Number of protein chains: 2
Amino acid sequence: MKNCTKTRLALETATIKDIAKALNLSTSTVSRALRGSYEINPETKRIVLECAEKLNYRPNPIALSLKENRSRAIGVVVPEIDNPFFSQAINGIEAIAYNRGYHVVIFQSHESYDREVVNIQHLASRRVDGVLISLSGQTTHVEHLKELHTKGMPIVFFDRFSDEINTHKVVADNYQGAFEGTEHLINSGKKHIAHLAASPTLSITRERISGYKAALEKHGIPYNEDFVKYCNFSIEDMENVIDELLSQPILPEAIFTVSDRLAMACLKILKKRNIRIPEDMALMGFSNLKVAELLSPSFTSVIQPALEMGQRAAELLLDLVEKKSKSPAYQTVTLPTELVIRDSTKTASK
Amino acid sequence: MKNCTKTRLALETATIKDIAKALNLSTSTVSRALRGSYEINPETKRIVLECAEKLNYRPNPIALSLKENRSRAIGVVVPEIDNPFFSQAINGIEAIAYNRGYHVVIFQSHESYDREVVNIQHLASRRVDGVLISLSGQTTHVEHLKELHTKGMPIVFFDRFSDEINTHKVVADNYQGAFEGTEHLINSGKKHIAHLAASPTLSITRERISGYKAALEKHGIPYNEDFVKYCNFSIEDMENVIDELLSQPILPEAIFTVSDRLAMACLKILKKRNIRIPEDMALMGFSNLKVAELLSPSFTSVIQPALEMGQRAAELLLDLVEKKSKSPAYQTVTLPTELVIRDSTKTASK
DNA sequence: TTGTATGCGTTATCAG
DNA sequence: CTGATAACGCATACAA
């Protein structure tokens, strides 16, 4: 049996054929030697592996994908990468995917329904093996996902889901988080509590408002519609809505924000209006960034388990992709939020 | 010519062959009709397009990749996705890539050299068309990249680069940013200014320390080695280093931090020690998160152009990939930082 | 145990 | 203008 001598040119990458040629073997033999040790002469195998090493052989995943009709990549659709919640979630996704031999392809919807649809088309044509998605704020119907799902594409929702698709969902306990947060404000003596919500179409929005309402009700505080404001994700819109809220006859004593960006917009406007925190106005809200906790001494946060959500969602998706569960008993995983109360609320007004 | 009738099964996706079969044409004809209008009967073309539409045909990019030996995907290696600077940069990258028909595959080195090497291997075997990379804090030599680059893979550095590889680099003006920041502290009357740096092996670290030193020198302030501390990226390490800094015989009057996380660690420890900001200690630093600016009234930021860096780097990479410039005249693009000074520094100590 | 042939989806080449 | 064929890199059913 000939020896493997030809040292490969640096520019191109060796294929199974090159090894076969160098060793005067057939490609099938080489292939067998490279894969399982199944039906192969140990000596042949040794030689092949040695030669593969020398030629710096790397299997071509694209050829594999074509053959096996799978890409070993999963697609992730998020509203905005540049959002601490989603970047943390992607971190979790990437960790799991990496461990299980998958790559992560990122798509942003920028909170736009149209972009989301295009993203889904791209994902489909890219032949990803599965999709993780958190819906855009504009999305009201999910035919684009339904179609994909019907065709057999594994899909797992995280954070923002749609009930119209029967699949795994990984979410934070938004109801409980909002309930505890609101109750904390109530227990601090606040009665007029505003709720700055995100898009009314989102699942997270509905759940959080439910929790907010439940806490009010439990403590016998009437629900005031004027204290609940929805905003989309542009800074301008947020500021307008907050201005509107603060221009009403009855001013709230506290504001419950549902995102870091909303909290920041609040801080900015409250400062502009010389409204002191927390003396004049208590501030708290859903946050993913422990920054809020660190930097503003009077901000109570409902921390969302972004990393864990990404991890769990990725695990469920890859189980689906790898058909670990023949009968997909779809589940909804609800992860707890964490209420971080800082003692400074009481001592801050020195 | 037969009509296209068979409505495709939902599960699988139509191929060029299916269209050919349905229309009783050859795959080559179908292919031609689908691509350029070159050498094709307009009528045939119409029929093919119609049928493609009906069968919901989507070209298989994997087959294309195999044929053309390119993937229309670029790889991005960053230390940590869950870092506002990098997530913003990725945002910029994704925007450009998206517009030019490329997909973005994400890899994290987690500031580990070993992980970075593995990432590069994955990228290579994934056959991405190009690589954008910001080096890990642990990386001291770049043979892994050199090899890839020598083999012809287009590589563009952003933020953290190595001089050992001759290619495009897109960076912030770290020297100038550090100079202006330091000078601002000096002009506020501070003389003992500490500099909390990142890994000493990084280009950004060297550049920033140069700027810091230059500002001191310009104002006749002696350089004190004890005021410059390096830290890696773990929170524990940061806090240890800061504790160390604050336990020296001579306390600094100001701290210049080179990242948001360092700034946060500082805030936390200063608070724990009851050191007031800015009365007892001025704080400023490189920041990507306008959060710092919003939440802490006394934090002066040197804002880095993360988004723009991502965009510029992606543009340069894709030009390289598409060989727009036959002779790669590699350039180093330096983007300005922005010093955001907040007036509250003077009025805060009420 | 090894080799031959085939196919994954597409396009390019060449022949009609 | 259209059709047949080969090729991209790999794995496998089947033949030897």
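Residue numbers begin at 1 in each chain, while the letters A, B, ... track the order of the sequences. All of these numbers come straight from a predicted model, not from anything done at the bench.
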Nucleic acid contacts - residues 59-72 of chain B versus DNA chain C, non-hydrogen atoms under 4.0 Å:
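Listed by number, they are B/Pro59, B/Asn60, B/Ala63, B/Leu64, B/Lys67.
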Between [X] and [Y], is there a donor-acceptor pair closer than 3.5 Å when you use the side chain of the first and the backbone of the second?
{"X": "A/His168", "Y": "A/Tyr330", "result": "no"}
{"X": "A/Thr201", "Y": "A/Thr140", "result": "no"}
{"X": "A/Asp129", "Y": "A/Ser71", "result": "yes"}

So, is [X] close to the [N] phosphate, meaning a side-chain N or O under 4.0 Å from OP1 or OP2?
{"X": "B/Ser31", "N": "C/dT11", "result": "yes"}
{"X": "B/Thr29", "N": "D/dT2", "result": "no"}
{"X": "B/Arg32", "N": "D/dC1", "result": "no"}
{"X": "A/Ser28", "N": "C/dT2", "result": "no"}

Proximity to the side chain of [X] - top-ranked nucleotide from [options]:
{"X": "A/Thr15", "options": "C/dT10, D/dG9, C/dG3", "value": "D/dG9"}
{"X": "B/Thr44", "options": "D/dA11, C/dT2, D/dT2", "value": "D/dT2"}
{"X": "A/Asn41", "options": "C/dT2, D/dT5, D/dC10", "value": "C/dT2"}

To 10°, what angle do the rotation axes through the five end pairs on each side of the helix from C/dT1-D/dA16 to C/dG16-D/dC1 form?
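What I find for the helix from C/dT1-D/dA16 to C/dG16-D/dC1 is an axis angle of 60°.
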Measure the acute angle between the ring planes of B/His103 and A/His122, then classify it against the limits of 30° and 60° as parallel, tilted or perpendicular.
perpendicular
Between B/Phe86 and B/Phe158, how do the two ring planes meet: parallel, tilted or perpendicular, split at 30° and 60°?
perpendicular
Cationic tip of A/Arg126 above A/Phe107 ring, under 6.0 Å, 45° of axis
no
Measure CD1/B/Ile16 against P/D/dA7 and give the value in whole Å, please.
19 Å
Does B/Arg70 come within less than 4.0 Å of B/Glu322, counting only side-chain N to carboxylate O?
no
For the residue pair B/Val30 and B/Thr27, establish whether any side-chain heavy-atom pair is separated by less than 4.5 Å.
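A side-chain contact is absent here, since even the closest heavy-atom pair is not under 4.5 Å.
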